[in-house]
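Working notes, structure below.
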Amino acid sequence: MTQPYMGALKQVERLMQDSLGVYSQNSMNQLHDLCVQMSQDTIYDVDYLKLMELYGRKYRKEKNEDALRYVVMRMQQVTLARKNPKSAAKYKGIVFTDKPLDSFTKAFLQEFPSLLHTYEERYKVRILQMATFVFVILLIPLVLLFHLSFLIIWLLLLLLFGIFVYYTFKYGYESIVKDQIQDLIQSVDPTLKKLDQMQMSQ
């Protein structure tokens, strides 16, 4: 049965807010213990996002940019999945709800641009540039080689271009994001890495 962790997470949040300078060892120990418990349980989406927010604040304080980027990307993935049942179904360890996000979690997310959107836009531009280059390079040689009309070759290449771009956008981008997350996860705490393996497996 899914256990609500929000109360315990809010307690850790208060301890972190009361800390001056670096976060207290007590708050970090409690955060660690909660992460261990949550990695062994099915958890609510709002609890996962709150846990990640707290780790994000920890990593920002430590100036651990890779770990912070990992946290933000995972939070953005889950936030998007809350609006998309098909995406939500991929995450076996998380129970998605319509509960509103905690105000501090919302504020934390709003501090960062959509990394996923940025990666997607850059990826699409590169694929379009590469596909267009290949399209132009092949057009004239194929006309000469097969002795077909320019229009027929152009239409065939355009069809292949469309198929390539569609499937590359659909499957290639997800692969790029997964690879990026696997690189970034090496910078996070071992307990958070374990939670990722248990709760975020697709």
Side-chain angles (χ1 to χ4, degrees), residues 5-6 9-10 12-23 27-28 30-32 34-35 38-39 43-88 90-91 93-127 169 172-202:
Y5 288 94
M6 187 58 71
L9 290 164
K10 294 293 287 184
V12 173
E13 180 180 65
R14 287 190 290 271
L15 289 173
M16 292 173 69
Q17 290 173 342
D18 291 340
S19 299
L20 297 177
V22 297
Y23 292 130
S27 65
M28 293 298 96
Q30 289 191 38
L31 183 62
H32 170 274
L34 276 172
C35 188
M38 292 171 73
S39 69
I43 56 179
Y44 290 117
D45 52 354
V46 289
D47 293 346
Y48 173 82
L49 290 168
K50 170 55 72 175
L51 177 75
M52 295 299 281
E53 175 217 329
L54 297 180
Y55 268 103
R57 296 186 185 282
K58 170 182 181 289
Y59 292 137
R60 183 165 58 185
K61 181 83 73 173
E62 296 172 351
K63 301 188 185 305
N64 187 341
E65 295 297 328
D66 283 347
L68 177 59
R69 192 176 298 112
Y70 158 81
V71 165
V72 172
M73 288 183 70
R74 278 308 200 194
M75 290 181 73
Q76 290 174 353
Q77 282 184 314
V78 171
T79 301
L80 289 173
R82 281 166 58 88
K83 306 171 185 176
N84 187 331
K86 185 176 179 181
S87 296
K90 297 178 181 179
Y91 303 107
I94 296 180
V95 176
F96 285 84
T97 70
D98 57 358
K99 296 179 181 179
L101 293 183
D102 172 89
S103 60
F104 288 106
T105 303
K106 283 183 180 179
F108 180 80
L109 280 168
Q110 289 170 357
E111 293 180 39
F112 301 93
S114 176
L115 294 178
L116 296 176
H117 179 71
T118 300
Y119 282 126
E120 183 178 12
E121 289 304 309
R122 289 177 180 174
Y123 178 74
K124 285 181 177 179
V125 168
R126 289 173 184 162
I127 292 300
F169 280 1
Y173 167 68
E174 291 184 5
S175 177
I176 293 293
V177 170
K178 285 181 180 180
D179 289 344
Q180 180 69 21
I181 285 177
Q182 289 308 306
D183 288 340
L184 295 173
I185 201 175
Q186 306 309 317
S187 302
V188 308
D189 294 25
T191 49
L192 190 57
K193 187 175 181 180
K194 181 180 179 181
L195 180 133
D196 186 278
Q197 293 168 346
M198 299 299 294
Q199 311 295 17
M200 298 298 290
S201 58
Q202 298 187 28

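- Smallest separation of non-hydrogen atoms from Val12 and Ser27: CG1-O, 3.7 Å.
- A salt bridge is absent between Glu13 and Arg57; no separation between the charged side-chain nitrogens and carboxylate oxygens falls under 4.0 Å.
- Residues Gly56 and Phe108 come closest through the heavy atom pair CA-CZ, 3.8 Å.
- Side-chain contact check for Phe104 versus Gln17: some heavy-atom pair is nearer than 4.5 Å.
- Taking CG of Leu9 as the start and CE of Met52 as the end, the distance is 12.0 Å to the nearest 0.5 Å.
- We find the NZ-CG distance between Lys50 and Leu34 to be 12.0 Å, quoted to the nearest 0.5 Å.
- Leu109 places a side-chain heavy atom less than 4.5 Å from the side chain of Leu101.
- One finds a salt bridge joining Glu111 and Arg60 here, because a Lys/Arg side-chain nitrogen approaches an Asp/Glu carboxylate oxygen to under 4.0 Å.
- A 4.5 Å side-chain heavy-atom check between Thr191 and Leu31 finds every atom pair outside the cut-off.
- Judged purely by atom type and a 3.5 angstrom limit, Asp47 uses its side chain to pair as donor or acceptor with the backbone of Tyr5.
- Between Arg82 and Asp98, no side-chain nitrogen of the basic residue sits less than 4.0 Å from a carboxylate oxygen of the acidic one, so the salt-bridge criterion is not met.
- Classification of Asp196 and Lys193 as a salt-bridged pair fails, no side-chain N sitting under 4.0 Å from a carboxylate O.
- A heavy-atom distance below 4.5 Å is not found between the side chains of Tyr59 and Glu65.
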Could you go through Tyr44 and Met6, starting from their C-alpha distance and side-chain angles, then the distance that decides it, and tell me whether this counts as side chain to side chain contact (heavy atoms under 4.5 Å, CB included)? CA-CA 9 Å; Tyr44 290 117; Met6 187 58 71; over 6 Å; no
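- In terms of heavy-atom proximity, Ala88 sits nearest to Ala81 at CB-O, 3.5 Å.
- Not one N or O on the side chain of Asp189 forms a donor-acceptor pair closer than 3.5 Å with the backbone of Leu192.
- Atom OH of residue Tyr70 and atom CD of residue Gln180 lie 13.0 Å apart, to the nearest 0.5 angstrom.
- Note that NZ of Lys194 is 4.5 Å distant from OG of Ser39, once rounded to the nearest 0.5 Å.
- The distance from the CZ atom of Arg69 to the CG atom of Asn64 is 10.0 Å, given to the nearest 0.5 Å.
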Residues Leu195, Leu51; criterion side chain to side chain contact (heavy atoms under 4.5 Å, CB included); working and verdict: CA-CA 11 Å; Leu195 180 133; Leu51 177 75; 3.7 Å; yes
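- By the 4.5 Å heavy-atom criterion applied to side chains, Asp102 and Glu53 are counted as neighbours.
- When side chains are defined from C-beta on, Met16 does not count as touching Lys61, because their heavy atoms never get closer than 4.5 Å.
- Side-chain contact between Gln77 and Ile181: present, with at least one pair of heavy atoms (C-beta onward) separated by less than 4.5 Å.
- Side-chain contact between Cys35 and Tyr55: present, with at least one pair of heavy atoms (C-beta onward) separated by less than 4.5 Å.
- One finds the CE atom of Met28 at 11.5 Å from the NE2 atom of His32 (value rounded to the nearest 0.5 Å).
- Looking at Thr79, its side chain does come within 3.5 Å of a backbone N or O of Met75 through a donor-acceptor pair.
- Lys99 and Asp45 are not joined by a salt bridge, as no carboxylate oxygen comes within less than 4.0 angstrom of a charged side-chain nitrogen.
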